[in-house]
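To start, the structure under review is shown below, and the notes come after it.
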Amino acid sequence: MALLAEEVVSLSKSVQEMSVDGDEPPSHYIVKDSFIGSADDPSPSLCPFPILDISHFSSPSSSFPETEVDKELEKLKLALSSSGCFQAIGHGISSSFLDKVRDVTKQFFALPGTEKQKYARAVNESEGYGSDRIVSDKQVLDWSHRLTLRVFPEDKRRFNLWPENPYDFRDIMDEYALKIKVVTDVVFKAMARSLNLEENSFLNEFGDQALMQARFNFYPSCSRPDLVLGVKPHTDRSGITVLLQDREVEGLQVLVDDKWVKVPVIPHALVINLGDQMQIMSNGIFKSPVHRVVTNSEKLRISVALFNEPEPENEIRAVDGLVDENRPRTAVQTTTGQNSFVCRTSSQAAKHPHCLTSNMAGMPLASDGVSLSRSIQEMSMNGDEPPPEFYVKDSSFTHTDYSDLSASISVPVIDISLLLSSKDELEKLRQALSSGGCFQAIGHGISNSFIDKVREVAKQFFGLPQEEKQKYSRAVNEVQGYGHDLIVSEKQVLDWNSRLFLRVFPEHQRKLDLWPENPNNFRRWRNH
Ligand SMILES: O=C(O)CCC(=O)C(=O)O
Ligand SMILES: [Fe+2]
């Protein structure tokens with residue numbers, strides 16, 4: 001579908017210009033499935049984003065009784081393993097300095113377009129000023145402008161993209177980044193302590209050359225906040241993100257138990273949210289929350305996000321103390337120079353633990369036969385690097401551009417118990433299947449605990465020794481059984497996973513010799 005002439009024109013106008021002119025958002029900004037809805041205001045006592053006084057965690061912590069520190073560590077662990085987000089106070093940065101950071105951000109975005117364009121992001125670059133990169137005419141665009149800058153390692157700063165106007169922007173950002181580095185070090189140590197790990201367990205993974213990327217977000221007011229989003233639902237790929245919210249205007253929402261919950265504005269607090277990399281390092285104990293930003297019909301909003309990532313050479317994997325027989329490593333992300341790939345047990349979209357993801361392409365891939373000399377799991381356990389070239393994605397897939405994250409397509413959540421009674425829900429289903437071809441089903445009548453059991457037996461099976469799993473190996477030219485991609489060509493790119501395929505229906509066609517007997521409740525789906 002090509003763009004219509006009027007749509008090209010409407011895209012040439014910036015969000016800020018449309019906001020000033022009070023334009024109705026053009027179709028490319030409209031979230032199609034009336035998905036925005038309302039969000040819950042958390043009651044202070046039940047807020048899933050606790051306020052933590054992180055001065056308890058800085059060393060020496062002797063000014064606090066040990067029991068108090070332990071209590072705060074317990075709160076930290078609970079927050080990060082449930083909502084994945086908390087508000088940090090006691091961080092040692094004065095409110096007046098935080099206001100300065102907000103002020104220079106606002107001043108930059110208030111400059112005339114021509115002035116800001118001096119710092120424009122070049123095509124295929126991640127740093128600089130701009131809006132969503134348009135990669136498809138089906139894309140839903142964010143109602144925002146951004147400036148992205150690498151701040152650490154210091155020798156990687158590209159000062160030609162750092163605004164000279166306002167005159168104190170660079171100095172303030174330099175100082176702010178240094179202060180936040182202190183905060184992240186304290187938080188990494190506390191996170192490790194909260195899991196009874198040696199306090200440098202996470203910090204060491206980040207290394208001396210850890211990355212810090214700043215993203216300044218600007219959300220102009222919008223005449224139709226019910227139709228557009230400032231940032232579509234996404235998770236951050238970082239280790240942790242430190243977010244300075246606008247002083248007054250809220251907009252950030254986090255998906256908690258399938259409901260959008262507003263993150264309250266607390267002017268002197270820093271919002272800390274966990275990213276995918278830390279979810280991997282914590283072996284899935286800490287959660288990387290899905291979040292989004294809504295717009296506002298009256299007020300513009302700014303925010304400053306600092307994304308913290310381990311140095312690029314480091315493989316991202318669960319730290320040793322969190323991996324054992326009962327809790328095998330769940331995911332690995334390896335970066336080798338320009339190429340990176342991610343192996344997950346659940347896709348980025350399937351972040352909601354009790355949702356079932358439904359897509360239109362669930363068929364098995366080509367059958368196996370030839371086995372690799374080393375299984376993926378063995379390579380993962382041994383931390384092999386670089387991976388065999390078979391597994392490395394084409395560099396065009398490299399995912400280092402933060403702005404790409406917000407271009408990710410949101411996966412609708414559909415309550416299938418409503419499908420017979422609600423036309424709206426039916427319409428959502430129609431839209432989901434005719435656009436992305438994928439949705440997340442809730443209201444399916446299967447209890448969370450049973451879904452967890454299914455996950456558990458699957459994990460236990462993959463956690464078995466290789467010889468045990470080989471008992472269920474897929475034979476050459478068969479589809480069912482345990483294995484990985486069939487190698488048919490030297491040029492082939494292999495998937496970073498192992499699989500077990502079983503036919504479950506029709507029941508008489510089950511090949512029970514391929515159904516694991518270990519774990520012993522694997523087969524007992526029903527009352528056998
Ligand atoms: O503006 C915000 O509050 C959040 C922005 C965000 O999620 C991001 O930049 O990744
Ligand atoms: Fe984010």
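In this structure the side chain of Gln87 reaches within 4.5 angstrom of the side chain of Val263, judged on heavy atoms. Between Leu195 and Phe286 the shortest side-chain heavy-atom distance falls below 4.5 Å. Ile272 is not listed as a side-chain neighbour of Leu52, based on a closest heavy-atom distance of 4.5 Å or more. Taking 4.5 Å as the limit, some side-chain heavy atom of Ile451 sits within range of a side-chain heavy atom of His444. Two residues are said to be in side-chain contact when any heavy atoms from C-beta on lie closer than 4.5 Å; Tyr219 and Pro225 fail this criterion. Proximity of Val151 to Trp162: side-chain heavy atoms (C-beta onward) are separated by under 4.5 Å at one or more points. Counting heavy atoms from C-beta outward, Ile180 and Tyr176 have side chains that approach closer than 4.5 Å. Counting heavy atoms from C-beta on, the side chains of Asn314 and Glu311 come closer than 4.5 Å.
A centroid separation of 6.0 Å or more is found between the aromatic rings of Tyr119 and Tyr129. Checked against the 6.0 Å centroid criterion, the rings of Phe57 and Phe64 do not qualify as a close aromatic pair.
Side-chain N/O atoms of Gln139 and Lys232 include no donor and acceptor closer than 3.5 Å. No side-chain donor from either of Gln213 and Glu309 sits under 3.5 Å from a side-chain acceptor of the other. When only modelled atom types and interatomic distance are considered, Ser303 and Asn217 share a side-chain donor-acceptor pair under 3.5 Å. For the 3.5 Å distance criterion, the side chains of His291 and Gln253 fail to qualify, holding no donor opposite an acceptor. Remark: the Ser238 side chain and the Asp236 side chain contain no N/O donor-acceptor pair separated by less than 3.5 Å. Under the 3.5 Å distance criterion, with hydrogens and angles disregarded, a donor-acceptor pair is assigned to the side chains of His145 and Ser131. For the 3.5 Å distance criterion, the side chains of Asp276 and Thr235 qualify, holding a donor opposite an acceptor.
A donor-acceptor pair under 3.5 Å is formed between the side chain of Asn296 and the backbone N or O of Glu298. Here the side chain of Glu127 pairs a donor or acceptor atom with the backbone of Arg150 at under 3.5 angstrom. For the pair Thr295 (side chain) and Ser221 (backbone), a donor-acceptor distance under 3.5 Å is absent. Side-chain N or O atoms of Lys469 include one that pairs as donor or acceptor with a backbone N or O of Leu464 at under 3.5 Å. Within the 3.5 Å criterion, the main-chain N or O of Phe109 finds a donor-acceptor partner in the side chain of Lys116. Judged by distance alone, with hydrogens and angles left aside, the side-chain atoms of Asn308 form a donor-acceptor pair with the main-chain N or O of Leu306 at under 3.5 Å.
Atom SG of Cys85 and atom NZ of Lys287 lie 14.5 Å apart (nearest 0.5 Å). Taking CD from Glu175 and CG from Leu178, the interatomic distance works out to 8.0 Å, rounded to the nearest 0.5 Å. Rounded to the nearest 0.5 angstrom, Asn521 CG and Glu456 CD are separated by 9.5 Å. Ser58 OG to Asp185 CG: the interatomic distance, rounded to the nearest 0.5 Å, is 11.5 Å. Leu270 contributes atom CG, which lies 6.0 Å from atom CG of Leu98 (distance to the nearest 0.5 angstrom). Considering CG of Leu274 and OG1 of Thr241, their distance stands at 8.5 Å, rounded to 0.5 Å.
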### Task
Report the C-alpha distance between Arg102 and Asp99 in whole Å, list the side-chain angles of each, state the deciding distance to 0.1 Å, and finish with yes or no for salt bridge (Lys or Arg N to Asp or Glu O under 4.0 Å).
CA-CA 5 Å; Arg102 294 182 177 108; Asp99 281 343; 2.9 Å; yes
### Message
Please evaluate residues Arg146 and Phe218 with respect to the criterion side chain to side chain contact (heavy atoms under 4.5 Å, CB included), reporting the C-alpha separation (whole Å), side-chain torsions for both, the decisive distance (0.1 Å), and the verdict.
### Response
CA-CA 6 Å; Arg146 321 186 173 98; Phe218 175 71; over 6 Å; no
#### Entry: Stepwise side chain to side chain contact (heavy atoms under 4.5 Å, CB included) check, Val69 with Glu66
CA-CA 5 Å; Val69 175; Glu66 215 173 294; 5.5 Å; no
### Task
Show your reasoning for whether side chain to side chain contact (heavy atoms under 4.5 Å, CB included) applies to Leu243 and Leu252.
CA-CA 10 Å; Leu243 182 82; Leu252 176 63; 3.5 Å; yes
### Message
Set out, in order, the CA-CA distance, both residues' side-chain angles and the distance that settles side-chain hydrogen bond (donor to acceptor under 3.5 Å, both in side chains) for Asp53 and Ser55, then state yes or no.
### Response
CA-CA 5 Å; Asp53 179 351; Ser55 65; 2.6 Å; yes
### Task
Show the numbers, then the answer: is there a side chain to side chain contact (heavy atoms under 4.5 Å, CB included) between Val256 and Phe49?
CA-CA 10 Å; Val256 183; Phe49 323 116; 4.1 Å; yes
For residues 199-211, please give each side-chain donor-acceptor pair under 3.5 Å, one per line with the distance, not counting sequence neighbours.
{"from": "Ser201", "atom 1": "OG", "to": "Glu198", "atom 2": "O", "distance (Å)": "2.6"}
{"from": "Asn204", "atom 1": "ND2", "to": "Asn200", "atom 2": "O", "distance (Å)": "3.4"}

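More than 12 heavy atoms of other residues, nucleotides or ligands lie within 6.0 Å of CZ in Phe159, so this atom counts as buried by the packing criterion. Counted within 6.0 Å of NZ on Lys106, heavy atoms from surrounding residues, nucleotides or ligands total more than 12; the atom is thus considered enclosed. Environment of NZ in Lys181: sparse, with no more than 12 heavy atoms of neighbouring residues, nucleotides or ligands closer than 6.0 Å. Within 6.0 Å of atom CZ in Arg170, more than 12 heavy atoms from other residues, nucleotides or ligands are found, so the atom counts as buried in its surroundings.
Both the sub-6.0 Å distance and the 45° axial angle are satisfied by Arg157 relative to the ring of Phe152. Seen from the ring of Phe86, Lys75 does not count as a face-on cation partner, given the 6.0 Å and 45° thresholds.
Of all non-hydrogen atoms in Pro289 and Ser83, the two that sit nearest each other are CB-O, 3.2 Å. Minimum heavy-atom separation, Phe462 to Leu500: CZ-N, 4.1 Å. In plain terms, the two heavy atoms of Val290 and Pro233 that are nearest each other are CG1-CB, 4.0 Å. Ala269 and Ile89 make their closest contact through CB-CG2, 3.9 Å (heavy atoms, listed as atom of the first residue, atom of the second, distance). When all heavy atoms of Pro220 and Val15 are compared, the closest pair comes out as CG-CG1, 3.4 Å. When all heavy atoms of Ile302 and Asp246 are compared, the closest pair comes out as N-OD2, 2.9 Å.
Salt-bridge check for Asp452 with Arg455: passed, with a basic side-chain N closer than 4.0 Å to an acidic carboxylate O.
Using a 30° and 60° split on the angle between ring planes, Phe216 and Phe169 fall in the tilted class, from 30° to 60°.
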